[in-house]
S.K.: 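Sharing a structure, written as structure tokens. Questions coming.
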Amino acid sequence: MLTKNDKRIDAGNMTVAFLTDYSRLIFLGKEGVNMLAEKQPPLFSACFRDAQGNELKYSAFDAKTVKADVTDGTAAITFGGFSNPKLSVTVTACGDDAANAVSWKAEISGSDQLEWLEFPGIAVKNNFKENGGNSKILWPYNEGVLVDSISDRYTYFPTTEPQYPSLGNFGMCPGMVFAPFLALMADEGNLYLGAHDKEQNSFNVDFAPYEDGVLLRSRVYPGITGGRFATAYETVTKLFSGNWYGAAEIYRSWFEENCDKKAYVPVAENKTLPAWYHQSPIVVTYCVRGHHDTDVMEPNKMFPYVNAMPIIDDLAEKLNSKLLVILMHWEGSAPWAPPFVMPPYGGEELLQEYIDALHESGHLLGVYCSGLGWTEKSNIADYNMKETFKEKNLKSAMCVSPKQELPYSKICTAQRVGYDICPATDFAHDTLKNEAVKMDALGIDYIQLMDQNHGGTPYFCYSKDHGHPPVPGTWESAELKKIIQKIKQTVTNKELLLGCESAAAETFIPEFMLSDNRFELNYLFGLPVPLYSYMYHEYIHNFMGNQVCGEDVMGNNVDRFNLLYRMAYSFTAGDLLTLVINDEGRVQWAWGQSNFDADYMPDHDQTIAFAKTLNAWRKGVAGDYLNYGKMVEPFTVSGIEKITLRTGVGPKKISPVLYRCYQNGNKKGQIMVNYTDSTVTTTVNAGCDMLLYTSPTQSEKLTAGAGIQIPPYAAVLLEELK
């Protein structure tokens, strides 16, 4: 228990306290309820690089001298006496009584090159599922996930120290982590940890086992030259109540108050968007070579491209919808073999014929590309650029290691051998721009330019010759933004949309206004939640994506409802629906599927009918919410018994009805979708009478507290009546 003599900061009902030497925390929580594990990490950690690229790590545990002033709800602690006598670190903290929060800042000065700085050190109690507890972590990873098991996390996506060569699944923001915060929800209380950073630095936001607890990490990679850095932003620790919406609201409130209003424009007010962005097209995606990711790359029945028109026309009629067709394996180089994609496979004339036919029928064409990579050799097609790489000395344009070495990239190694391109080089700027201009000349409507660069982020580079700081960091984002700006200034179609794999991280939302939302990967270690949509749906739309890794994640046809469930998830999250089809025009479970036997495939007609039903709501009365609304915490729903979804890491309990609530102006509407074959009876308590839409054109008054029935494969919409 704390005493009056402990060095502490009280902020409303929140208290933090330091060990007597200030090297770590000993208490964080409400009076008498400590959320910290017994063993704690240092209050700060830092990594420098010497002239040879070697790591030089320091922490508060290494300091020999400490000067501290802890008074009146504030603390200023300066650490010195390190093995490097020129190193000095100051950590400050300030309590906010009204917010029940403590905000942290830090300043560091050393003689070597700074790579990263991590603070404050926090390890919470390991009261997660494997230890018989109920703790959960909300993580803005891959559009949002609730993690209740640290061991499940380590089965597929273990915490990995960000390094070179990079991987997309590192906990980097911008990257697969879309915003720099996370939260713990535990029996001892709920704790929010977030970097409130207008400058949008690069962060490692993650969690990992630490001694007897679980580390909550907020680490900044400022990407500066030299060893002096002071945080302009505050890292906020705050107690909150409620569920994951409560944590999300803390960050969203800060973002909405502090974001650049010229860059982050609500969809309803954004004049740069094409008209079709508001028309709820359904995405249809397929490959024109092979049948899955690493198949033999021979043309299938969708080539020549125009062969697909009868299938597209038939789908459009059955769906009663405009379609956005997004091609895979269309590149003239080799599938997933960046940076060169043009000319398209078979030549411009064949693709131009198809684009013209799609446009004539009122549809759109998009293409998958593969981001900032250089392909030396394709593993799935006859494509080899090894000699070109040598002849043009392209090593000079690639990301390199701290020791200036150039190992092969770790991205998509089944498909290709190659390297990562540094975004600060002229080669990166010119190549991506030139390829985009060539695609634009054909009339392509959408380019997923940064596929395999999750969230839009480039990968680590330590080059001393590219003109950027010799460590990764915020300069990477700035360089990519310059590339996108050049593309948009050069292309003819000023409404051309660009995207990335996973939804665009907050930093890149203005650049990538439509992307492939890969929420399904989160089933491998948690339960997806539409955190991204809660944060940003008012500003950006995404689509359901090609659902890659569906076999590993969902087991595909193990639970026959799982595709409908994923469609309902995306729809209620405000995303455009996606249908992945094979070269027969049949709906697949997901991209990457290799079994096309009739008894294995999903029910095609049922899937098409369900998509039509849902999209009619989006194009109709629910459109004001799903197109232009801001997600809010849903009205209370009761009386629904959960069902079991079998996934690659075991069964998960889910609701047979998915529901989300949106606010548009002074109106709130809750969309509810039953994706199962049984009628579900439930009660929605909004605290007032409601208008119940049983179809996009039929409604009736619903008295407060009255029950409703949702038929199989159907949706309803409830609006407040005040």
Side-chain angles (χ1 to χ4, degrees), residues 42-67 76-92 104-121 161-164 166 172-174 180 195 197-205 217-235 396 398-405 422-425 428 457-482 507:
L43 188 64
F44 82 88
S45 301
C47 180
F48 290 82
R49 296 278 180 179
D50 66 17
Q52 290 73 44
N54 299 306
E55 286 187 334
L56 303 171
K57 290 185 176 180
Y58 305 92
S59 79
F61 291 165
D62 301 317
K64 297 297 189 294
T65 63
V66 179
K67 295 180 180 179
I77 308 164
T78 299
F79 300 89
F82 297 95
S83 57
N84 179 352
K86 294 184 178 181
L87 176 61
S88 175
V89 181
T90 298
V91 176
T92 61
W104 305 78
K105 301 182 80 170
E107 184 174 348
I108 189 166
S109 179
S111 55
D112 294 293
Q113 172 64 57
L114 176 67
E115 182 168 0
W116 54 258
L117 173 64
E118 182 177 324
F119 71 98
E161 186 75 12
Q163 56 189 292
Y164 172 93
S166 300
M172 289 300 297
C173 173
D197 180 22
K198 294 181 184 180
E199 297 178 346
Q200 297 181 320
N201 279 282
S202 295
F203 291 89
N204 177 213
V205 178
R217 171 178 288 163
S218 180
R219 174 193 291 177
V220 62
Y221 287 73
I224 56 170
T225 298
R228 183 182 295 274
F229 173 67
T231 60
Y233 66 91
E234 294 180 335
T235 298
S396 63
M398 302 300 135
C399 297
V400 297
S401 75
K403 295 183 181 294
Q404 310 302 295
E405 299 165 335
C422 176
T425 61
T457 188
Y459 293 125
F460 281 14
C461 182
Y462 295 84
S463 173
K464 298 178 180 179
D465 301 319
H466 292 169
H468 60 72
V471 285
T474 312
W475 62 265
E476 299 166 338
S477 301
E479 289 294 338
L480 184 63
K481 285 174 175 284
K482 292 177 185 176
T507 305

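Keep in mind the model is a prediction, meaning the values are calculated, not measured.
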S.K.: Do you know which two heavy atoms are closest between E476 and Y459, and how far apart they sit?
M.R.: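 Smallest heavy-atom distance, with atoms named: OE2-O, 3.4 Å.
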S.K.: Mind checking whether C422 and H468 have side chains closer than 4.5 Å, heavy atoms only?
M.R.: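 They are in side-chain contact.
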S.K.: Does the T457 side chain pair with the main chain of P174, one donor and one acceptor, at a distance under 3.5 Å?
M.R.: yes
S.K.: Do you know the tightest heavy-atom contact between N204 and Y221?
M.R.: CB-CE1, 3.8 Å
S.K.: Taking all non-hydrogen atoms of both residues into account, name the closest pair between H466 and S396 and its distance.
M.R.: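 Looking at all heavy atoms of both residues, the shortest contact is NE2-O, 2.8 Å.
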S.K.: For the residue pair F203 and S218, what are the closest heavy atoms and their distance?
M.R.: CD2-OG, 4.4 Å
S.K.: Between atom CZ of F119 and atom OG of S59, what is the distance when rounded to the nearest 0.5 Å?
M.R.: 15.0 Å
S.K.: Heavy-atom count around K464 NZ within 6.0 Å, excluding the residue itself: above 12?
M.R.: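 Yes - once you tally the heavy atoms of other residues, nucleotides and ligands closer than 6.0 Å, there are more than 12.
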S.K.: Before accepting this row, confirm whether a basic side-chain N of the pair E161/R219 lies closer than 4.0 Å to the acidic partner's carboxylate O.
M.R.: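 Salt bridge present between E161 and R219.
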S.K.: Measuring from atom OG1 of T225 to atom CH2 of W475, what distance do you get when rounded to the nearest 0.5 angstrom?
M.R.: 10.5 Å
S.K.: Taking C-beta and beyond as the side chain, do T235 and P120 meet within less than 4.5 Å on heavy atoms?
M.R.: yes
S.K.: Could you grab the distance from atom CG of L117 to atom OG1 of T231, nearest 0.5 Å is fine?
M.R.: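 Result: 7.5 Å between the selected atoms.
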S.K.: Looking at E55 and K57, is any side-chain nitrogen of the basic one under 4.0 Å from a carboxylate oxygen of the acidic one?
M.R.: yes
S.K.: If you compare all heavy atoms of S166 against all heavy atoms of F460, which two are closest, and at what distance to 0.1 Å?
M.R.: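 Distance-wise, the nearest heavy atoms are OG-N, 3.1 Å.
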S.K.: Nearest 0.5 Å, please: how far is OH in Y462 from CD in Q404?
M.R.: 11.0 Å
S.K.: Do M398 and C461 touch side chain to side chain, with heavy atoms closer than 4.5 Å?
M.R.: no
S.K.: Measuring centre to centre across the rings, with the benzene-like ring taken for any Trp, is F44 within less than 6.0 Å of F79?
M.R.: yes
S.K.: For the residue pair P423 and E479, what are the closest heavy atoms and their distance?
M.R.: O-CB, 3.5 Å
S.K.: Side chains of Y164 and E405: is there a donor and an acceptor less than 3.5 Å apart?
M.R.: no
S.K.: Just verifying a value: how many Å separate R49 CZ and L114 CG, rounded to the nearest 0.5 Å?
M.R.: 11.0 Å
S.K.: The criterion is side chain to side chain donor-acceptor pair (under 3.5 Å); which residues satisfy it with D50, sequence neighbours excluded?
M.R.: N54
S.K.: Using only atom types and a distance under 3.5 Å, with no angle test, would you say the side chain of Q113 pairs donor to acceptor with the backbone of I224?
M.R.: yes
S.K.: Distance-only, no hydrogens or angles: does the S45 side chain make a donor-acceptor pair with backbone N or O of E118 under 3.5 Å?
M.R.: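 Side chain of S45 to backbone of E118: no pair is present.
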S.K.: Any side-chain heavy-atom pair from Y58 and N84 closer than 4.5 angstrom?
M.R.: yes
S.K.: K105: what forms a side chain to side chain donor-acceptor pair (under 3.5 Å) with it, not counting sequence neighbours?
M.R.: none
S.K.: How long is the gap from CD1 on I108 to CZ on F229, to the nearest 0.5 Å?
M.R.: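 It is 9.5 Å, given to the nearest 0.5 Å.
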S.K.: Taking the side chain from K67 and the backbone from G80, do they hold a donor-acceptor pair closer than 3.5 Å?
M.R.: no
